[in-house]
Enquirer: 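Questions regarding the structure given below will be posed in turn.
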There are 2 protein chains.
Amino acid sequence: MATIADVARAAGVHRSTVSRILRDPKAFRGETRTRVLEAAARLDYRPSRIAQALSGGASPLVPLVVPDISNPFFARVARGAEEIARAAGLHIVVCSTGGDVEAEVAYLQAMSDLDTPCILFTPSADTVAAQVLSIARHTAVVLIDRSLPETDLRCVRVDHVQAAAAGTQHLLTRGHRRVVCVSGPMSASSARERVAGYQTVMDEAGLPAQVVEGDFTIAGGRHAAAQLFVGGEPPTAVLAANDLCAVGLLTAAREAGLRVPDDVAVLGFDDLDVAQHVNPSLTTLRQPSAELGGQAARLALADAGFGDGSDVVLTLQAELIVRESA
Amino acid sequence: MATIADVARAAGVHRSTVSRILRDPKAFRGETRTRVLEAAARLDYRPSRIAQALSGGASPLVPLVVPDISNPFFARVARGAEEIARAAGLHIVVCSTGGDVEAEVAYLQAMSDLDTPCILFTPSADTVAAQVLSIARHTAVVLIDRSLPETDLRCVRVDHVQAAAAGTQHLLTRGHRRVVCVSGPMSASSARERVAGYQTVMDEAGLPAQVVEGDFTIAGGRHAAAQLFVGGEPPTAVLAANDLCAVGLLTAAREAGLRVPDDVAVLGFDDLDVAQHVNPSLTTLRQPSAELGGQAARLALADAGFGDGSDVVLTLQAELIVRESA
DNA sequence: CTGAAAGCGCTAACAA
DNA sequence: TTGTTAGCGCTTTCAG
């Protein structure tokens with residue numbers, strides 16, 4: 001691996017000259033410029049980002065730490081963030097932690113230690129708060145989709161309360177009275193907020209609320225249904241934690257011999273691609289996932305001195321997409 | 001951000017002492033050890049990985065560069081790789097390029113410039129070969145699932161030819177004669193190999209082969225079907241590029257008023273979670289995706305001096321999972 | 001067990 | 001336009 005010294009030697013100039021010319025070739029004219037450029041090309045020279053970073057610059061990496069990249073929701077968040085990062089000459093790298101809190105902290109730590117300009121983060125549970133706070137003292141941290149209580153970290157998110165309320169309202173309008181909420185893990189603020197929205201609407205309607213704690217996966221939804229679809233009075237509608245959960249519920253309903261939406265309606269969250277392709281297609285609350293990632297990236301980058309973050313929108317709205325399932 | 005000098009000052013010792021003690025505390029006893037450890041803790045000192053990397057070490061990051069992280073197949077590959085990397089004290093970071101060749105090269109370059117010990121890579125097209133080769137001179141590159149022609153880069157992959165042949169054979173055994181292959185983009189070696197397997201079996205059976213080039217997405221599958229399900233003699237079975245493509249085909253079939261599998265059978269590839277939850281559930285060729293990632297990581301890490309790679313398996317087998325769709 | 005000194009590859013004043 | 005000199009934060013000989 002050729003270093004700047006090799007290029008300097010080959011071109012017969014000083015290292016600093018090479019650095020300058022390579023850094024901004026247009027600012028030079030003489031034939032030194034040509035010699036340096038040629039030597040660099042010939043030796044296939046690439047400046048070490050490590051050395052650059054050590055000497056003043058920062059890492060070109062913007063980590064996005066998420067609980068589960070196999071949930072396409074996060075893939076879209078990543079996509080949105082990427083677009084913004086690319087414009088600033090930076091690269092999004094996705095770190096998936098599998099919901100393991102230790103792995104989560106380890107990733108955050110590792111990235112912070114690499115002097116990344118900022119970190120985009122969706123916590124899987126509140127328990128990381130203290131550690132994240134300590135990391136945030138060194139590196140700008142922006143949360144996506146889930147806030148961290150006892151913390152003043154900024155968070156770009158969807159108004160989950162409002163969204164869940166709208167979803168619940170939709171189910172009631174369709175005449176449902178026994179509406180159950182299969183929530184995500186209550187350790188996630190997004191799950192708690194959605195439950196709150198659901199509960200408010202049920203209360204206002206004078207209906208009993210029932211919450212089953214599940215998780216954000218297909219298997220979780222299917223498993224939750226085991227408790228739901230067997231009793232004497234199964235619900236006529238379910239507000240699912242997200243689309244993956246909803247897909248699991250769909251399968252469980254079919255296995256239990258229930259027709260969707262006639263016997264039981266299912267309402268998802270996210271609007272993944274798959275939502276319109278399952279059978280029946282999924283009625284869902286669309287989250288503007290790419291924009292979530294984009295706004296978060298803009299905020300974080302602004303903090304790190306890249307661009308302006310004054311017009312970042314912190315709270316986005318979900319949109320009800322009505323299809324067949326509810 | 002406290003540096004090693006701060007700690008040294010606080011503990012009243014030399015920087016090198018701090019370095020040594022922090023690097024391997026068990027090897028020391030005296031009360032200097034205590035002072036240093038305490039000072040480090042008190043100052044919340046974290047060694048800069050950048051500086052460590054510059055001074056001999058390598059980056060703790062193992063990039064996994066894939067075309068599309070919203071395809072859960074790659075999420076599973078990542079998961080498999082992660083397990084191996086973690087054991088070596090390294091972190092997998094996922095770089096999703098959206099199939100954009102330029103972004104792909106940019107990512108590879110950026111990671112290589114960061115002195116990562118190795119790179120795990122699934123190329124989206126053959127056109128990157130030359131550039132990848134140049135990067136591979138600096139950083140160990142291991143390909144996953146798709147090889148790069150004109151290149152001696154090692155590749156951990158599934159035997160796509162064999163797998164596609166087995167799938168096609170399954171369809172023929174079920175009595176199908178008009179079997180069409182909706183392939184992935186022919187710029188991907190995996191797609192070409194699957195087509196080859198399909199073609200061989202069709203040829204041997206004396207049946208006409210028909211290949212429609214699609215891509216690896218739901219939308220791609222649906223779009224391909226537009227050409228397929230309208231003509232006078234639609235196929236009675238389709239070998240899909242992958243499960244996402246198959247899901248798109250399922251939707252298209254339903255829209256065209258065709259029943260699956262009675263009017264048209266659909267055979268997928270990958271066995272994503274969603275495969276067993278769509279309706280009808282998907283018959284598919286399961287790829288051992290996590291193991292693909294794991295073996296690739298082992299090979300790459302061995303190259304970089306972490307662990308042993310002598311028993312790495314380069315070619316894995318797919319498994320036919322029969323469900324409802326074919 | 002500890003200190004001194006050199007060096008990883010690069011950038012950034014400061015002079016010339 | 002170019003060279004000189006420091007220095008980023010850490011590890012690692014080599015002495016003591």
Side-chain angles (χ1 to χ4, degrees), chain A residues 1-37 39-40 43-60 89 109-117 138-139 305, chain B residues 1-37 39-40 43-60 89 109-117 138-139 305:
Chain A
M1 191 75 190
T3 76
I4 199 171
D6 299 325
V7 179
R9 202 173 311 119
V13 298
H14 194 268
R15 308 198 315 272
S16 54
T17 305
V18 176
S19 173
R20 276 190 291 256
I21 293 183
L22 255 35
R23 179 154 284 280
D24 180 17
K26 310 170 204 316
F28 298 77
R29 338 207 66 257
E31 56 103 38
T32 312
R33 186 188 109 124
T34 326
R35 283 214 316 283
V36 168
L37 257 25
L43 296 177
D44 190 20
Y45 167 70
R46 320 221 77 239
S48 154
R49 303 291 315 218
I50 294 286
Q52 288 185 324
L54 183 57
S55 127
S59 153
Q109 204 66 268
M111 295 302 147
S112 168
D113 291 349
L114 275 171
D115 268 322
T116 56
H138 305 312
T139 308
Chain B
M1 192 74 189
T3 77
I4 199 171
D6 300 324
V7 179
R9 203 173 311 120
V13 296
H14 195 267
R15 308 198 314 272
S16 53
T17 305
V18 175
S19 173
R20 277 190 291 255
I21 293 185
L22 255 35
R23 179 153 283 280
D24 180 16
K26 311 171 204 315
F28 297 76
R29 338 206 68 258
E31 55 103 42
T32 312
R33 186 189 110 127
T34 326
R35 283 214 315 283
V36 167
L37 256 25
L43 297 177
D44 190 21
Y45 168 69
R46 321 221 77 242
S48 153
R49 304 289 318 217
I50 294 287
Q52 288 186 324
L54 183 56
S55 137
S59 153
Q109 203 68 267
M111 295 301 147
S112 168
D113 292 347
L114 276 171
D115 267 323
T116 57
H138 305 311
T139 307

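To find a chain, count down the sequence lines: A is the first, B the second, and so on, and within it residues start at 1. None of these values were measured; they are calculated from a predicted model.
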Enquirer: Could you pick out which residue, B/Ala51 or B/Thr32, lies toward the 5' side of DNA chain C when each is mapped onto its nearest nucleotide?
Expert: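 Nearer the 5' end of the strand: B/Thr32.
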Enquirer: Expressed as a whole number of angstroms, how long is the span from B/Ile50:CD1 to D/dT11:C1'?
Expert: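 From B/Ile50 CD1 to D/dT11 C1': 15 Å.
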Enquirer: For the residue pair A/Ile4 and A/Tyr45, what are the closest heavy atoms and their distance?
Expert: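 In terms of heavy atoms, the two residues are closest at N-CE1, 3.4 Å.
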Enquirer: Do B/Arg35 and B/Thr32 come close enough that some side-chain heavy atom pair is under 4.5 Å?
Expert: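 Of all side-chain heavy-atom pairs linking B/Thr32 with B/Arg35, at least one is under 4.5 Å.
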Enquirer: Give the minimum heavy-atom separation between B/Pro25 and B/Arg23, together with the two atoms involved.
Expert: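 That would be CD-C, 3.9 Å.
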Enquirer: Output all residues satisfying side-chain hydrogen bond (donor to acceptor under 3.5 Å, both in side chains) with A/Arg15, sequence neighbours left out; order by chain, then residue number.
Expert: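 Scan of A/Arg15 (side-chain hydrogen bond (donor to acceptor under 3.5 Å, both in side chains), adjacent residues dropped) gives none.
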Enquirer: With a 4.5 Å limit on heavy-atom distance, are the side chains of A/Lys26 and A/Asp24 in contact?
Expert: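 Result yes, sub-4.5 Å side-chain heavy-atom pair found.
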Enquirer: How would you list, by chain and number, every residue that makes a side-chain contact (heavy atoms from CB on, under 4.5 Å) with B/Ser112, sequence neighbours excluded?
Expert: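 Checked B/Ser112 against side-chain contact (heavy atoms from CB on, under 4.5 Å); matches are B/Ile119, B/Ile135, B/His138, B/Thr139.
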Enquirer: Can you list, pair by pair, the side-chain donor-acceptor contacts under 3.5 Å of residues 49-56 of chain B, counting residues two or more places apart and other chains?
Expert:
{"unit_1": "B/Arg49", "atom_1": "NE", "unit_2": "B/Gln52", "atom_2": "OE1", "d": "3.4"}

Enquirer: Taking the side chain of A/Ser55 as its heavy atoms from C-beta onward, which of D/dC10, D/dC8, D/dT1 lies nearest to it?
Expert: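 Selected nucleotide (nearest to the side chain): D/dC8.
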Enquirer: Working to the nearest 0.5 Å, report the span between CZ of B/Arg29 and OG1 of B/Thr34.
Expert: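 The distance works out to 10.5 Å.
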Enquirer: What are the two closest non-hydrogen atoms of B/Ala8 and B/Val18, and how far apart are they?
Expert: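 Closest approach of B/Ala8 to B/Val18: CA-CG2, 3.6 Å.
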Enquirer: At their closest point, which heavy atom of A/Val7 faces which heavy atom of A/Ala40, and how far apart are they?
Expert: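 Closest approach of A/Val7 to A/Ala40: CG1-N, 3.9 Å.
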Enquirer: Without decimals, in angstroms, what is the distance between A/Phe28 CZ and D/dT2 C1'?
Expert: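 The distance from CZ of A/Phe28 to C1' of D/dT2 comes to 9 Å, rounded to the nearest Å.
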Enquirer: For DNA chain C, which residues in residues 1-13 of chain B have a heavy atom at a distance below 4.0 Å?
Expert: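 Nucleic-acid contacts, sorted: B/Val13.
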Enquirer: Of all nucleotides in DNA chain C with an atom under 4.0 Å from a non-hydrogen atom of chain A, which is the first and which the last going 5' to 3'?
Expert: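 Contacts span C/dG9 to C/dA13, reading 5' to 3'.
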Enquirer: Roughly how far apart are B/Asp113 CG and B/Gln109 CD, rounded to 0.5 Å?
Expert: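 Going from the CG atom of B/Asp113 to the CD atom of B/Gln109 covers 5.0 Å.
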Enquirer: Using OP1 and OP2 only, check whether a side-chain N or O of B/Gln52 sits under 4.0 Å from D/dT11.
Expert: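 Answer yes for this pair, as a side-chain N or O of B/Gln52 is under 4.0 Å from OP1 or OP2.
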Enquirer: In residues 15-24 of chain B, which residues come under 4.0 Å of DNA chain D by heavy atom?
Expert: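 When residues 15-24 of chain B is checked for heavy atoms under 4.0 Å from DNA chain D, the hits, listed by number, are B/Arg15, B/Ser16, B/Ser19, B/Arg20, B/Arg23.
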Enquirer: By the 4.0 Å heavy-atom rule, please label A/Ala27 as base, sugar-phosphate, or nothing.
Expert: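 Sugar-phosphate, backbone atoms only, no base.
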